[in-house]
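See structure below.
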There are 2 protein chains.
Amino acid sequence: MGRTAYYTSEQFVDAALKIAALQGPAAVTIAAVAGEVGAPVGSVYHRYLSRNTLLAEVWLRVISSFQEAFLQTLDNGDGLAAALHTPRWVRLHPAEARLLLLYRREELADGSWADDLKEKARRITRDLDCAVRNYVVRMSGKYDQESADRAVFAIIDVPYAAVIRYIRLGRKPPKKVDDYIRQTYSTIMRKEK
Amino acid sequence: MGRTAYYTSEQFVDAALKIAALQGPAAVTIAAVAGEVGAPVGSVYHRYLSRNTLLAEVWLRVISSFQEAFLQTLDNGDGLAAALHTPRWVRLHPAEARLLLLYRREELADGSWADDLKEKARRITRDLDCAVRNYVVRMSGKYDQESADRAVFAIIDVPYAAVIRYIRLGRKPPKKVDDYIRQTYSTIMRKEK
DNA sequence: ATTTTATTAGAATATATATTCTAATAAAGC
DNA sequence: GCTTTATTAGAATATATATTCTAATAAAAT
């Protein structure tokens, strides 16, 4: 019952994502989002409690998109493949990659998150920690901080470093970044044994 | 002639740097800067044309501090020492490091820079490019893009990656990040020859 | 057909903060 | 001592944008 909707929540998230990726988080005003969709600002607030909530939703969607395939690969026990997931995902999703890797989460959506969003964010962090832990245990038979730190460096930090320069330039990372990541991975993870 | 000054330009830059490093760029309001110094807002504007100009000055000071020692080391021809400059500088200057590595330049001070500041920024970029170029030529006898990209990855991008995690946690990077950087450096730069 | 209500519609409001403006001060030079 | 002017002082203004509010709509349920 009630009037049928012209605009969906998803449209507003799409619009916010597009604006944020193209022009940065500061350009994501409610008026801009509404304008992009062709809706009145009231309709944005009808779907979302606040700008912050909308942007939190954007961030959660993007990081989930990244993390899903990443965790799957890592859970298969293939650390190198997981490391190479970053450049692959960045090439496949250039707009999302800009958003996720160029800006801090706090620049997109600040501290005041609703409880359900906070919980989703916590789960994302937890899932990542957990996957890394499992991977390390599977690798070396036991868990220690030193091995975990090496793995995080080789599988997360280095791929990020290899890719961020090209994101800043607005280009897709060339094939050679995969080589850098591979070489670094085998050097760093070799010390493991 | 004229009344003698109670407050110096430097005090305002110091205050802005402190607030930005501690609470992020958004917390650097003119009122906050003035309050930190104990001055009226008018005195801030007496020294600086705008908030943006003040923050540009902050950014230039911090990046110059980083880059001076970095370039000196690289000009000596020691790439590994240059790569290790990043963790060392971060340990010595935690507040400056937060500011420089945690936030994008555009988040601190947006596009509308005065000509003299723009020129200073351009010089910083140019000096870095130039030093990398010289280093590559000295290494391999000639210059090619591939060698330059490898050097940038090993000397700039990887040290950044190794250190940023600890900056986010508000901790000093432990000694082992130096090991990661060393190992990566020798792997990546070995392919050079 | 009437009622109900989710939704559209966009004008009005609230708020934060950069910037401007006017006046008062105080040191230096004469 | 008087004049000049760089500087302090902080109140007033401008602006951008998030948020709220009131009214109009339209589809579904009865």
Side-chain angles (χ1 to χ4, degrees), chain A residues 1-20 22-59 103 105-114 117, chain B residues 1-20 22-59 103 105-114 117:
Chain A
M1 56 188 116
R3 182 174 177 173
T4 52
Y6 278 22
Y7 314 108
T8 64
S9 304
E10 208 186 48
Q11 277 181 284
F12 296 127
V13 175
D14 288 344
L17 169 57
K18 180 178 172 185
I19 295 167
L22 244 50
Q23 314 180 76
V28 187
T29 63
I30 301 298
V33 171
E36 174 74 25
V37 173
V41 301
S43 290
V44 179
Y45 278 95
H46 187 68
R47 303 287 171 185
Y48 292 97
L49 194 63
S50 67
R51 172 183 186 276
N52 213 36
T53 303
L54 173 61
L55 287 178
E57 209 75 66
V58 169
W59 185 80
Y103 309 105
R105 201 212 60 180
E106 297 81 10
E107 190 180 353
L108 200 64
D110 77 17
S112 56
W113 288 37
L117 297 180
Chain B
M1 59 191 112
R3 181 175 178 171
T4 52
Y6 278 21
Y7 314 108
T8 64
S9 303
E10 208 185 48
Q11 277 179 285
F12 296 127
V13 175
D14 287 344
L17 169 57
K18 181 178 171 185
I19 296 166
L22 244 49
Q23 314 180 73
V28 187
T29 64
I30 301 299
V33 171
E36 174 75 25
V37 173
V41 300
S43 291
V44 179
Y45 279 96
H46 187 67
R47 303 286 171 184
Y48 293 97
L49 193 64
S50 66
R51 172 183 186 276
N52 213 38
T53 304
L54 172 62
L55 287 178
E57 209 75 65
V58 169
W59 185 81
Y103 309 105
R105 201 213 60 184
E106 297 80 9
E107 191 180 352
L108 200 65
D110 76 17
S112 56
W113 288 36
L117 297 180

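Within every chain, numbering begins at 1; the chains are lettered A, B, ... in the order of the sequence lines, protein sequences first and strands thereafter.
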Problem set entry | Covered region of DNA chain D, 5' end to 3' end, by chain B [heavy atoms, under 4.0 Å] | D:dT5 to D:dA11
Exercise. Across all strands, who's sitting opposite C:dT22 as a Watson-Crick or G-U wobble pair, both distances under 3.5 Å?
Worked result: D:dA9
Exercise. Pairs in or reaching into residues 31-48 of chain A: which pass side chain to side chain donor-acceptor pair (under 3.5 Å), with residues at least two apart or in two chains?
Worked result: A:Lys18-A:Glu36
For this session: Measure the CH2-CD distance between A:Trp59 and A:Glu107 for me, rounded to the nearest 0.5 Å.
Result: 14.0 Å
Exercise. Under 3.5 Å, side chain of A:Asp110 to main-chain N/O of A:Asn52, donor-acceptor pair present?
Worked result: no
Problem set entry | Test side-chain contact (heavy atoms from CB on, under 4.5 Å) applied to A:Ala27 - qualifying residues, sequence neighbours left out | A:Ile19, A:Gln23
For this session: Could you tell me which non-hydrogen atom of B:Leu55 sits nearest to which non-hydrogen atom of B:Leu108, and how far apart they are?
Result: CD1-O, 3.1 Å
Seminar exercise, completed: Residues of residues 32-46 of chain A with a heavy atom under 4.0 Å from any atom of DNA chain C, listed by number, are A:Pro40, A:Val41, A:Gly42, A:Ser43, A:His46
Seminar exercise, completed: Residues in residues 2-19 of chain A with a heavy atom under 4.0 Å of DNA chain D, by number, are A:Gly2, A:Arg3, A:Thr4
Problem set entry | Those residues that, when tested against A:Ser50, pass side-chain hydrogen bond (donor to acceptor under 3.5 Å, both in side chains) (two or more places apart) | A:Thr53
For this session: Quick one: list whatever passes side-chain hydrogen bond (donor to acceptor under 3.5 Å, both in side chains) with A:Glu57, sequence neighbours left out.
Result: none
Exercise. What residues, two or more places apart in sequence or in another chain, satisfy side-chain contact (heavy atoms from CB on, under 4.5 Å) together with A:Ala56?
Worked result: A:Ala109, A:Trp113, A:Leu117
For this session: Pull out every residue in residues 48-57 of chain A that has a heavy atom closer than 4.0 Å to any atom of DNA chain D, ordered by number, or say none.
Result: A:Ser50, A:Arg51
Pairs of donor and acceptor atoms involving the side chains of residues 4-16 of chain A, under 3.5 Å and at least two apart or interchain, shall be tabulated with distances.
residue, atom, partner, partner atom, Å
A:Tyr7, OH, A:Gly38, O, 3.1
A:Thr8, OG1, A:Gln11, N, 3.1
A:Gln11, OE1, A:Thr8, N, 2.9
A:Asp14, OD1, A:Arg61, NH1, 2.8
A:Asp14, OD1, A:Arg61, NH2, 3.3

